There are 2 protein chains.
Amino acid sequence: MPDLHPVAHKFILHWGEMGARWGINRTVAQIHALLLVSRESLHAEEIAATLQVSRSNVSTSLRELLAWGIVRTAQKLGDRRDYYEAVGDVWDMARIIARERKRREFDPTVVALRECVQELEARPADDALDAARLAELLEFLETLSDLYGQLDKVPSPALKRFARLGSKIPRIIGGL
Amino acid sequence: MPDLHPVAHKFILHWGEMGARWGINRTVAQIHALLLVSRESLHAEEIAATLQVSRSNVSTSLRELLAWGIVRTAQKLGDRRDYYEAVGDVWDMARIIARERKRREFDPTVVALRECVQELEARPADDALDAARLAELLEFLETLSDLYGQLDKVPSPALKRFARLGSKIPRIIGGL
DNA sequence: CCTTTGTTTCAGTAATGACTGAAACAACTG
DNA sequence: CAGTTGTTTCAGTCATTACTGAAACAAAGG
């Protein structure tokens with residue numbers, strides 16, 4: 001990675017690694033990391049050169065990040081290339097990631113599980129299958145889903161304030 | 001998958017799929033799913049036959065699940081094979097998964113990012129690198145980490161009660 | 001309209017991660 | 001202590017996913 005601050009370099013590798021472990025393409029995460037730590041927006045060519053990946057890989061990965069909504073394009077006067085930058089606020093970014101991941105990687109499972117539980121009414125469980133467990137699991141996932149929905153209503157600053165309450169949190173949640 | 005209720009079959013495939021999307025080996029997730037919906041504990045041979053994967057794959061995957069702590073062994077009188085079963089309560093299971101994933105896939109990134117921010121004091125940022133962004137990101141991740149720590153103190157039943165408060169949640173969190 | 005500049009698509013290849021089967025190991029049994 | 005039953009390890013193979021480079025496409029400029 002030419003012309004890259006050693007700290008940026010290190011961060012990009014680690015962010016890519018974390019992404020990979022959570023099922024996000026490593027290059028996608030690295031590009032995101034690069035844009036995160038870049039003061040200025042970058043064009044695709046720069047990204048490819050910096051991360052030493054092919055131009056086409058950058059193109060695909062940027063599309064992905066745009067689809068997520070955590071990167072947006074910017075224009076510069078007298079330059080018709082697209083420039084890319086990470087969305088400003090870290091909390092907003094996290095919310096977007098949470099929303100998208102829930103939608104893509106969680107909701108489909110809940111739907112499938114709901115179907116499973118329904119099908120068990122038509123075609124009852126046999127000895128081997130623990131229908132109660134399935135129902136319990138579905139209830140749990142639906143509770144989580146609802147909880148997420150409620151949390152998503154809270155604006156970032158309020159969420160931030162709450163998250164920072166430290167040891168008051170167990171008392172608040174425990175005493176309801 | 002022989003002798004398997006169609007609903008169990010469907011659930012196992014979906015659970016495996018979800019696991020894969022979150023960076024968990026598909027077979028590991030499928031075995032977990034199978035144990036989750038099985039009324040009785042199963043031995044490795046049964047698992048291999050049911051999911052049609054090799055005995056050694058089952059062995060490795062079970063080890064993984066045991067390491068996670070979401071599956072435990074059980075014994076049967078007059079049978080020296082190990083039997084395996086999923087931990088009982090769904091909420092407990094989720095807590096274990098959350099704890100382990102944080103430890104394995106989140107904490108290392110926070111450590112690395114903390115180092116990055118520290119190194120920036122020795123070797124200051126250049127024009128391209130947005131040091132403030134890095135610091136902001138670190139603060140965010142540390143806040144999340146602390147929040148998790150606090151939530152982990154709350155016993156499952158209380159957490160459950162809280163999660164089910166529905167539309168009261170935004171008001172509680174927002175009004176602090 | 002032809003050239004330049006930039007982007008996207010896609011077929012083929014490379015890299016990675018998952019899986020298998022054979023062999024080693026371990027523990028019990030008669 | 002030889003045979004039986006069950007488990008784990010590991011080198012090699014297979015499958016999947018990621019990546020590349022060339023070609024197609026798109027848009028603007030001269």
Side-chain angles (χ1 to χ4, degrees), chain A residues 1 12-35 41-68 71-85 104-105, chain B residues 1 12-13 15-35 41-68 71-85 101 104-105:
Chain A
M1 305 187 191
I12 289 166
L13 293 182
H14 277 281
W15 199 248
E17 204 47 39
M18 168 151 113
R21 294 194 169 277
W22 288 92
I24 289 165
N25 179 295
R26 183 175 276 105
T27 306
V28 171
Q30 286 181 349
I31 292 176
H32 182 227
L34 174 60
L35 294 175
S41 57
L42 306 172
H43 60 258
E45 203 70 55
E46 285 178 287
I47 296 170
T50 307
L51 300 182
Q52 297 176 82
V53 293
S54 73
R55 186 62 191 71
S56 57
N57 193 359
V58 170
S59 175
T60 314
S61 301
L62 281 171
R63 259 177 153 261
E64 178 89 17
L65 288 165
L66 291 171
W68 277 80
V71 161
R72 61 173 167 245
T73 54
Q75 306 300 325
K76 294 198 178 182
L77 274 168
D79 189 340
R80 55 199 196 73
R81 287 174 298 191
D82 278 331
Y83 282 74
Y84 299 88
E85 59 190 26
R104 300 182 193 191
E105 263 88 72
Chain B
M1 304 187 191
I12 289 167
L13 293 182
W15 199 248
E17 204 46 39
M18 169 151 112
R21 293 193 170 277
W22 288 93
I24 288 165
N25 179 295
R26 183 175 277 105
T27 305
V28 171
Q30 286 181 348
I31 292 177
H32 182 226
L34 174 59
L35 294 175
S41 57
L42 306 173
H43 61 257
E45 204 69 55
E46 285 179 287
I47 297 170
T50 307
L51 300 182
Q52 296 177 80
V53 294
S54 74
R55 186 61 191 70
S56 57
N57 194 358
V58 171
S59 175
T60 315
S61 300
L62 281 172
R63 260 178 152 261
E64 178 88 17
L65 288 165
L66 291 171
W68 277 79
V71 162
R72 59 171 170 247
T73 54
Q75 306 301 324
K76 293 197 179 182
L77 273 169
D79 190 339
R80 55 200 196 72
R81 287 174 298 191
D82 277 332
Y83 282 74
Y84 299 88
E85 59 190 26
R101 278 201 79 90
R104 300 182 192 191
E105 263 87 72

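Within every chain, numbering begins at 1; the chains are lettered A, B, ... in the order of the sequence lines, protein sequences first and strands thereafter. The analysis underlying the following values was restricted to heavy atoms, covering all of them including side chains, and did not include hydrogens, waters or symmetry mates. Since the structure is predicted, the reported quantities are computational estimates derived from the model, not experimental observations.
- Distance B:Gln52 CD to C:dC19 C1': 14 Å, rounded to the nearest Å.
- Results of the side-chain contact (heavy atoms from CB on, under 4.5 Å) test with B:Leu42 over B:Thr50, B:Leu34, B:Val58, B:Ile31 single out B:Leu34 as the only residue that passes.
- Between B:Arg63 and the phosphate of D:dT7, there is no side-chain N or O to OP1/OP2 separation shorter than 4.0 Å.
- Both A:Asp82 and A:Arg26 sit near DNA chain C, but only A:Asp82 has its closest nucleotide nearer the 5' end.
- In this structure, the CG atom of B:Asn25 is 18 Å from the P atom of C:dT16, given to the nearest Å.
- Counting to the nearest Å, the P atom of D:dT5 and the OH atom of B:Tyr83 are 14 Å from each other.
- Note on A:Ser54: every side-chain N or O is 4.0 Å or more away from OP1 and OP2 of D:dG21.
- Closest-nucleotide positions on DNA chain D for A:Arg55 and A:Arg80 were compared, and the one nearer the 5' end corresponds to A:Arg55.
- The only option from B:Arg72, B:His43, B:Gln75 that meets the side-chain hydrogen bond (donor to acceptor under 3.5 Å, both in side chains) definition with B:Asp82 turns out to be B:Gln75.
- Whole-Å rounding puts the B:His43 NE2 to D:dG6 P distance at 8 Å.
- Regarding B:Gln75, its CD atom lies at a distance of 10 Å from the P atom of D:dT7, rounded to whole Å.
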* Is there a side-chain contact (heavy atoms from CB on, under 4.5 Å) between A:Ile47 and A:Leu35 once you walk through the steps? -> CA-CA 9 Å; A:Ile47 296 170; A:Leu35 294 175; 4.1 Å; yes
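- One can find a donor-acceptor pair under 3.5 Å joining the base of C:dG21 and the side-chain atoms of B:Ser56.
- The phosphate of C:dG21 has neither OP1 nor OP2 within less than 4.0 Å of any side-chain N or O from B:Asn57.
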* Go through A:Arg104 and A:Trp68 one step at a time and tell me if the side-chain contact (heavy atoms from CB on, under 4.5 Å) criterion holds. => CA-CA 11 Å; A:Arg104 300 182 193 191; A:Trp68 277 80; 3.3 Å; yes
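- In terms of phosphate contacts, B:Thr27 brings a side-chain nitrogen or oxygen within less than 4.0 Å of OP1 or OP2 of C:dC19.
- Taking atom CZ of residue A:Arg81 and atom C1' of nucleotide D:dA27, one finds them 15 Å apart after rounding to whole Å.
- A perpendicular orientation is assigned to the rings of A:Trp22 and B:Trp22, their planes being inclined by more than 60° (bins at 30° and 60°).
- C:dT20 atom P lies 14 Å from atom CD1 of B:Ile47, rounded to whole Å.
- At whole-Å resolution of the value, CD in A:Glu45 and P in D:dG21 are 13 Å apart.
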